[in-house]
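Each chain gets a letter, A, B and so on, in the order its sequence line appears, and its residues count up from 1.
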Amino acid sequence: MIELLEMCGFTAAEAGKELPRFRQVFDRLGINEEDINRGKKRLAEYYDIELAAVRKIFRFCLREMADSVMAREDGKEKVIFGFMAPIFDVIGAAAMARSRDVYAAHQCWAYLMTVGSIFGKTVKVLETAEQSWLKSGAVTHCGNVKTLLGLLESSLLPRPDLLVSTGFSCETAPKTLDLLQEVYDIPVHCFDSCQDRELVEYDQASKRMIELAARSLRTFTSRVGELVGFPITDNMLREVLDVKKEFNLAMDRLHFLIENSDPLLLGPAHQSLLMAFGSLTIRLEEIPEATVVLNDLIKDLENRAGKGEGVVAGGAPRILTILPMHHADPRLEHLVEEMGLALVATDFGFNIPYEGDTGDPYIEMSVHLMGSMASCLPRRIPLIIENCRRLKIDGVLNTYHVGCRTVAGDALMIGEAIGKELGIPVLNLEWESFDPRVFDKDSYTWQLETFKTLLNYRL
Amino acid sequence: MWSERLEEHLRQRPERLDEYRKQGKKVVGSFPGNYVPEELIVAAGAAPVCLVNASGVPQLEASLTVMPNVFCPFARTLVGEKLLRTNPYYRVLDMLVAPITCQHVKKAAEIWECHQDIELFKLGVPHQHNYDFEQQYFQDRLGALKDRLEAVTGNRITDTSIGKAIELYNRMRGLLNKIGELRLAPSPPLSILEFVRLNHASFYADPEFMVEVLDQACEELSQRTGSRDTDKPRLMLIAPNVGLGDYRMLEMVGEAGGDIVIEEIYEGVRNYRQTVDINGEPMHALAVSYLNDRVPPAFMRYSAGKRLDFVLNMIREYRVSGVIWYELLCCETYDSESYFFLRELEDRKIPMLILESDYGTTDAGQIRTRLEAFIEIVKGELVW
């Protein structure tokens with residue numbers, strides 16, 4: 001286990017010190033010696049762990065996962081979990097900065113990245129949820145929501161004092177919270193907006209819906225304040241936002257570097273890793289350290305670029321994927337890399353400029369609704385097309401998360417529009433972004449090979 | 001006979017709407033769910049049409065060219081009808097009002113919007129309304145809808161015209177409610193199929209004509225009380241949606257010996273228990289009534305407990321001995337809730353049968369067998 005911890009960025013001294021705690025955590029999660037050996041192999045095979053910064057990102061993930069599992073044993077009196085609740089990380093960090101008795105984490109990114117991507121062992125949790133109200137089969141419930149339900153039903157995560165979600169792009173998550181409250185009496189809260197933007201009045205409508213989201217978000221911080229016994233003030237949030245700004249800027253620089261690299265500097269499996277890193281609930285005092293990790297990664301990649309090195313050959317077809325592909329299983333991304341395709345970006349990072357005032361921290365925290373995934377289909381299509389042009393994309397890997405109606409509902413129209421407008425190949429790949437059981441190497445190899453042939457033919 | 005008059009009216013309705021348009025008047029459609037106040041459309045001097053068809057294979061297949069099959073067949077019908085343009089009600093529209101309700105209907109609206117061939121208004125429906133600002137948001141959006149309707153029709157909507165329309169629709173809902181309550185009788189004078197059909201008609205017919213017909217129907221049906229079999233087990237139907245034409249299951253329940261005497265259907269039945277206050281400020285009254293004065297559908301936040309309370313009340317009031325849960329394939333919120341309702345009703349020794357439909361016909365035999373067995377259980381002839 002020490003070796004695994006070291007592969008995940010712990011120093012030898014830290015690994016030794018943390019060992020008893022991680023033994024306890026892994027025992028609870030059912031991670032045995034065989035899983036650890038598999039984990040080491042997968043880390044080495046799928047991730048760039050020779051880069052210290054990549055290892056340290058895993059360290060952040062492992063620590064958040066352990067802190068979540070052990071929150072009660074660690075003596076946390078108030079445990080708050082967010083789920084599919086963008087910017088929960090900011091509010092959580094603000095609450096934790098004020099009191100050591102509070103623990104807050106945005107589930108299930110750390111779990112997916114560790115137990116999923118490293119150990120490949122999330123299936124049992126998914127099956128637990130499927131025996132409950134998120135059954136398997138044609139209804140196609142979201143694997144992410146299944147993960148949360150499975151973790152809570154198996155008591156792998158402690159029962160929180162408050163569980164929060166949103167319905168910005170999803171109804172399965174709020175519905176599952178509703179039922180967790182009804183069936184298990186877990187206190188829940190949802191903050192919301194209204195996805196009623198029309199293309200003809202997009203900017204004005206965006207202001208309206210972001211203001212609604214901001215007001216709704218205030219109801220959440222107010223609820224957190226009641227729970228923890230102190231108010232979450234605007235100043236507390238501003239402090240976290242200011243510190244996090246450096247982190248976000250570093251993340252943007254990193255993506256810019258990857259997007260514009262040739263040869264590609266970092267394998268596509270890292271897209272999900274970076275997304276998870278950006279979604280963790282990092283304590284306020286640790287955000288600068290996380291920023292350093294990103295800046296170190298930028299430096300390492302710049303060194304690679306300087307030497308003309310990359311993970312695929314120079315001049316490889318430049319690919320955009322619609323959303324990061326898998327959050328708990330890097331095998332498809334790795335296959336893409338093995339095929340020699342340069343997956344340079346995901347549309348998750350594309351944003352429409354917000355024209356309103358962001359002085360209010362709640363408005364600033366709600367501006368994520370200008371992102372590609374939160375945009376309505378008629379606006380999302382031109383956003384993606386314009387970015388395909390900017391990034392000189394040769395083909396689009398349109399992997400859509402079938403468990404999410406928002407994402408799946410856009411996929412075919414996006415694919416068709418890209419084909420018509422840009423004349424580049426689009427591979428539509430129905431996919432469950434949180435369930436490793438969908439992986440079918442032969443089928444994906446065959447489809448990717450066809451896609452690659454089309455790309456090469458065009459190039 | 002009211003039924004013949006209604007049938008004739010509906011037969012001629014598409015043609016009448018065409019003529020209406022030729023006179024320079026507008027036809028305004030809406031997606032169902034009871035969030036779009038037809039009162040505003042009528043107050044604008046336009047003809048309302050609520051698109052509630054549950055159609056067949058060609059529409060469903062056509063939809064798959066633009067959306068995957070993880071969408072419920074009703075949402076796919078909304079898209080399929082748009083693509084095929086064979087249904088006159090879907091192509092006669094000058095404007096569409098799409099309430100932003102579940103992800104399925106929202107996505108159907110976005111696909112309509114992508115075609116850019118019709119004036120489309122997305123009516124923001126806050127998915128929770130515990131706070132004044134959420135209620136206000138809905139009221140503001142109704143205000144924006146009013147403005148858009150004025151622009152499209154060229155007619156000013158006044159408090160007086162809204163007031164008149166509210167009175168008309170209160171009358172329509174009141175009559176449907178009265179007819180629905182006739183089923184409290186030990187021998188209900190009408191079947192669920194007849195009742196659902198009346199509701200569907202009310203979404204397409206001229207509203208004034210519909211009120212006349214409902215008035216007549218109410219009178220005639222009141223005299224019919226006691227004319228039907230009283231031995232059939234009394235059942236409740238819970239469904240996210242029963243669209244026009246989705247009648248197979250309703251027919252099979254009757255054939256299997258059951259009688260659905262009360263329903264909780266989100267889309268497909270008018271919210272006939274609702275009454276809009278005619279004394280207050282009309283836009284406020286509409287907003288409060290359409291957002292709050294109703295049983296929250298499953299996609300709304302914190303709705304499961306409220307819907308369960310409503311269902312238990314109806315079970316008591318209508319002396320129901322079994323529940324049929326009829327969901328559309330891929331409807332994830334109702335599918336999740338079925339687990340909760342099954343558990344809660346089992347605790348109360350009320351049998352519940354869960355059926356799923358994709359509007360297909362291949363599973364008819366299986367559904368029939370399951371219904372027959374369920375009705376035997378409800379009758380006590382099989383052990384539950």
Side-chain angles (χ1 to χ4, degrees), chain A residues 132-135 137-142 145 165 167 169-172 174-179 181-183 188-200 205 208-209 211-212 215-216 218-219 376-381 400 402-406 408-413 416-417 428 430, chain B residues 64-72 75 98-100 102-104 106-111 113-116 120-128 130-131 133-134 137-138 140-141 144 298-305 308 327 329-340 343-344 356 358:
Chain A
S132 192
W133 59 82
L134 297 177
K135 69 188 189 200
V139 61
T140 331
H141 288 298
C142 170
V145 190
S165 189
S169 309
C170 175
E171 273 139 21
T172 312
K175 179 47 62 187
T176 283
L177 261 64
D178 186 10
L179 296 182
Q181 181 165 261
E182 292 291 343
V183 176
V188 302
H189 191 94
C190 288
F191 56 94
D192 271 300
S193 191
C194 239
Q195 291 281 17
D196 58 357
R197 286 177 284 190
E198 290 162 26
L199 187 60
V200 289
R208 181 182 77 226
M209 62 122 29
E211 278 164 18
L212 179 66
R215 294 191 76 169
S216 189
R218 278 191 187 272
T219 68
C376 75
L377 177 61
R379 184 65 189 89
R380 193 176 175 204
I381 289 172
Y400 58 93
V402 74
C404 172
R405 303 308 187 263
T406 298
D410 287 357
L412 302 186
M413 296 281 286
E416 191 190 350
N428 294 327
E430 194 166 286
Chain B
L64 292 179
T65 59
V66 291
M67 68 202 306
N69 64 358
V70 293
F71 283 83
C72 79
I100 301 305
C102 71
Q103 293 291 339
H104 300 249
K106 171 177 164 265
K107 200 52 68 183
E110 290 183 2
I111 291 171
E113 191 183 10
C114 283
H115 282 79
Q116 297 185 354
L120 186 139
F121 183 88
K122 289 184 185 167
L123 177 63
V125 177
H127 286 198
Q128 51 184 311
N130 295 331
Y131 298 94
F133 68 86
E134 290 155 339
Y137 187 89
F138 186 60
D140 291 347
R141 297 317 296 150
F299 68 80
M300 280 279 181
R301 310 292 170 256
Y302 324 116
S303 55
L308 178 68
E327 65 184 45
L329 198 67
C330 297
C331 177
E332 70 275 40
T333 52
Y334 275 85
D335 186 68
S336 296
E337 271 198 2
S338 66
Y339 171 94
F340 170 64
R343 186 186 127 116
E344 294 294 324
E356 273 180 312
D358 63 354

For chain B, the option from A:R208, A:M209, A:E211 that forms the most heavy-atom pairs under 4.5 Å: A:R208
Heavy-atom side-chain proximity of A:D192 to B:E134 below 4.5 angstrom: no
Under 4.5 Å from any heavy atom of chain B - which part of A:A411: neither
Structural part of B:A75 lying under 4.5 Å from a heavy atom of chain A: neither
Residue A:D410 versus chain B: region with a heavy atom under 4.5 Å: both
Validation row: A:C170, B:Q103 side chains within 4.5 angstrom (heavy atoms): no
Heavy-atom check, side chain of B:H127 versus side chain of A:E171, under 4.5 Å: yes
Closest heavy-atom pair and its distance - A:K175, B:A298: CE-O, 2.7 Å
Stepwise side chain to side chain contact (heavy atoms under 4.5 Å, CB included) check, A:V183 with B:R343: CA-CA 9 Å; A:V183 176; B:R343 186 186 127 116; 3.4 Å; yes
Reported CD-to-OG distance for the pair A:E182 and B:S303, which is rounded to 0.5 angstrom: 9.0 Å
From B:F133 atom CZ to A:S216 atom OG, the distance as rounded to the nearest 0.5 Å: 5.0 Å
Chain A contact via B:C72 - side chain, backbone, both or neither, heavy atoms under 4.5 Å: neither
N/O donor-acceptor pair under 3.5 Å between A:D178 side chain and B:A304 backbone: yes
Heavy-atom closest pair, residues B:F71 and A:A408: CE1-C, 4.2 Å
Reference residue A:R405; test side chain to side chain contact (heavy atoms under 4.5 Å, CB included); the match among B:K106, B:K107, B:E332, B:M67: B:E332
Distance in Å, B:C330 SG paired with A:H141 NE2, rounded so as to fall on 0.5 Å steps: 9.5 Å
A:R197 portion near chain B, given a 4.5 angstrom heavy-atom threshold: backbone
Most contacts with chain B, counted as non-hydrogen pairs under 4.5 angstrom, among A:G403, A:G137, A:A205, A:S169: A:S169
Atom of A:C194, atom of B:P126 and distance for their closest heavy-atom approach: SG-N, 3.5 Å
Where A:C376 and B:E110 come nearest, the two heavy atoms and their spacing: CB-OE2, 3.5 Å
Nearest-0.5 Å distance, CG of residue B:D335 to OG1 of residue A:T140: 9.5 Å
Over all atoms of both residues, closest heavy-atom pair of A:L134 and B:S336: CD2-OG, 3.7 Å
Region of B:S338 that comes under 4.5 Å of a non-hydrogen atom in chain A: neither
With sequence neighbours excluded, residues passing side chain to side chain contact (heavy atoms under 4.5 Å, CB included) with A:E198: A:V200, A:E201, B:E113, B:F121, B:K122, B:R148
B:L64, part contacting chain A, at a heavy-atom distance under 4.5 Å: backbone
Engaged part of A:E430 at the chain B interface, taking heavy atoms whose separation is under 4.5 Å: side chain
Side-chain touch B:Y339/A:L179, heavy atoms, less than 4.5 angstrom: no
Closest non-hydrogen atom pair between B:P68 and A:G409, with its separation: CD-CA, 4.3 Å
Portion of B:Q116 that has a non-hydrogen atom of chain A nearer than 4.5 angstrom: side chain
pair B:T65-A:E416: side-chain heavy atoms closer than 4.5 Å: no
Residue pair A:C190 / B:Y302, side-chain heavy-atom distance below 4.5 Å: yes
Candidate pair B:V70 and A:Y400, rule side chain to side chain contact (heavy atoms under 4.5 Å, CB included), full reasoning: CA-CA 12 Å; B:V70 293; A:Y400 58 93; over 6 Å; no
